[in-house]
Enquirer: 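What follows is a single structure, and I will ask about it in a moment.
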Amino acid sequence: MSLQDGVWRDRLKAVGPRIVRGARALGREAVDLLLPSLAWDSPEAAATPGLSAGAWSRVAFLEDPVCDGCGAGFEMDGGPFAAARCAACLAQPYAFARARAACLYDEASRGLILKFKHGDHQPFAPLFARWIARAASPLLDEADAVVPVPLHRFRLLSRRFNQAAEIARPLARRVGLDYVPDALVRTAHTTTQGGKSARGRRLNVRKAFAVSEPGRRRIRGRRILLVDDVLTTGATAEACARALIEAGARAVDLAVVARVRKTRELPT
């Protein structure tokens with residue numbers, strides 16, 4: 001089992017997953033009899049566990065038409081003769097073939113994602129997986145396996161889980177695809193991407209990823225769906241895609257929970 005797949009889950013497996021799941025279910029039922037469910041994003045009561053109605057209404061979900069190359073939403077539907085890709089993706093395609101995002105990364109979604117990523121709020125993982133399953137349906141139809149973007153072991157120890165793996169696992173299970181959490185490894189402990197320019201982000205992760213030997217056998221000749229939480233410039237996803245393709249993957253697509261409104265400019 002890969003460490004990227006949740007270090008604390010290994011311990012739970014040692015004591016019997018069925019017993020643990022049963023105990024959790026009984027505990028939830030007992031609590032529900034005494035206390036009302038709470039929304040995940042606020043302390044207000046809810047009919048069932050999940051996002052509050054206000055949070056749902058604020059999330060800007062991305063609907064077609066979107067750019068096939070980077071997942072950015074088009075301002076209008078150009079009709080059957082319009083290009084499937086934005087000008088930047090036509091001029092300089094990413095290493096990954098296609099991309100989809102469930103929603104925009106803005107004030108509404110940022111709080112939810114950061115609460116999951118840094119607040120260890122695990123119920124968001126299956127929710128985000130459902131969002132991606134809907135948004136990336138065309139990509140999932142052609143994928144052979146699902147691979148999460150990995151964390152470096154030092155960051156994994158401090159955070160205790162890899163947020164991309166927590167989303168990728170239920171996603172793969174939901175659509176019946178092979179889940180390969182140990183395909184990619186992060187070989188360099190890079191500095192955070194936040195605050196860096198597009199060029200700075202590319203340089204920061206250029207040689208940060210490699211394919212493990214077990215992963216190499218499982219991705220060779222297959223179309224891979226790479227999963228991450230947020231797409232900004234695409235530097236991290238592109239570095240991962242290049243590593244997978246160089247190791248023998250037939251193609252790599254990308255699916256994320258959210259993406260910033262505008263990530264690319266035409267190359268000069």
Side-chain angles (χ1 to χ4, degrees), residues 2-12 20-21 24 28 31 37-46 48-62 71 99-136 140 146-175 179 181 184 186 192-194 225-234 236-237 240 254-261 263:
S2 168
L3 286 179
Q4 299 292 334
D5 203 31
V7 292
W8 49 271
R9 278 185 164 79
D10 291 349
R11 298 192 183 100
L12 290 180
V20 172
R21 285 196 297 267
R24 284 175 175 171
R28 283 194 297 267
V31 170
S37 300
L38 297 178
W40 294 339
D41 59 295
S42 75
E44 64 185 74
T48 57
L51 296 183
S52 63
W56 275 112
S57 65
R58 289 190 295 269
V59 175
F61 291 101
L62 286 165
R100 291 293 187 276
C103 64
L104 287 178
Y105 189 63
D106 56 15
E107 290 184 2
S109 64
R110 185 183 300 114
L112 303 177
I113 292 171
L114 292 180
K115 190 172 185 179
F116 164 61
K117 190 172 181 176
H118 299 295
D120 198 10
H121 203 71
Q122 295 298 320
F124 280 117
L127 175 68
F128 291 154
R130 291 196 297 272
W131 289 7
I132 290 178
R134 178 179 177 271
L140 289 162
V146 176
V147 171
V149 170
L151 289 179
H152 190 271
R153 61 183 179 276
F154 293 157
R155 189 160 294 166
L156 185 62
L157 286 172
S158 64
R159 193 176 292 172
R160 297 188 299 122
F161 72 101
N162 176 0
Q163 74 279 358
E166 297 302 306
I167 298 168
R169 185 195 312 104
L171 175 65
R173 185 186 306 121
R174 182 182 184 88
V175 297
Y179 173 53
L184 282 168
R186 195 156 191 155
T192 178
Q193 294 281 70
L225 183 71
L226 183 68
V227 173
D228 205 0
D229 54 353
V230 178
L231 173 64
T232 49
T233 64
T236 297
C240 289
L254 172 69
V256 297
V257 178
R259 55 155 292 136
V260 295
R261 188 177 298 274
T263 63

Enquirer: Could you tell me whether the side chain of I113 reaches within less than 4.5 Å of the side chain of F128, counting heavy atoms only?
Expert: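 Side chain of F128 against side chain of I113, heavy atoms only: contact under 4.5 Å found.
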Enquirer: With A255, which residues qualify under side chain to side chain contact (heavy atoms under 4.5 Å, CB included), at least two apart?
Expert: I132, A136, L225
Enquirer: So W131 and F124, side-chain contact (heavy atoms from CB on, under 4.5 Å) or not? Walk me through it.
Expert: CA-CA 10 Å; W131 289 7; F124 280 117; over 6 Å; no
Enquirer: Looking only at heavy atoms, which two atoms of A135 and A102 are closest? And how far apart?
Expert: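 For A135 versus A102, the nearest heavy atoms are CB-CA, 3.6 Å.
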Enquirer: List the residues meeting salt bridge (charged side-chain N to carboxylate O under 4.0 Å, His left out) with R134, not counting sequence neighbours, and say none if there are none.
Expert: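 Salt bridge (charged side-chain N to carboxylate O under 4.0 Å, His left out) list for R134, sorted by chain: E63.
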Enquirer: OG1 of T233 to CG of L231: how many Å apart, nearest 0.5 Å?
Expert: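 Going from OG1 on T233 over to CG on L231, the span is 7.5 Å.
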Enquirer: Write down the atom of A125, the atom of P170, and the distance for their closest heavy-atom approach.
Expert: O-CG, 4.3 Å
Enquirer: If I compare all heavy atoms of P150 with all of N162, which pair ends up nearest, and what's the gap?
Expert: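 Minimum heavy-atom separation between P150 and N162: CA-ND2, 3.6 Å.
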Enquirer: Are the side chain of S109 and the backbone of L104 linked by a donor-acceptor contact shorter than 3.5 Å?
Expert: yes
Enquirer: Report the C-alpha separation of L226 and V149 in whole Å, then their side-chain angles, then the decisive distance to 0.1 Å, and conclude whether the side-chain contact (heavy atoms from CB on, under 4.5 Å) test is met.
Expert: CA-CA 7 Å; L226 183 68; V149 170; 3.8 Å; yes
Enquirer: Identify the two heavy atoms, one from C103 and one from V59, that lie closest to each other, and give their separation to 0.1 Å.
Expert: CB-CG1, 3.8 Å
Enquirer: For V260 and Y105, work out which heavy atoms get closest and say how close.
Expert: N-CB, 3.9 Å
Enquirer: Rounded to the nearest 0.5 Å, what separation is found between the CG atom of L112 and the CG atom of L127?
Expert: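 Result: 8.0 Å between the selected atoms.
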Enquirer: Using side chain to side chain contact (heavy atoms under 4.5 Å, CB included) as the criterion, list what pairs up with A101, not counting sequence neighbours.
Expert: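 If we apply the side chain to side chain contact (heavy atoms under 4.5 Å, CB included) test to A101, skipping adjacent residues, the hits are L62, V256, R259.
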Enquirer: I need the minimum non-hydrogen distance between F116 and E166, along with the two atoms involved.
Expert: CZ-CB, 3.9 Å
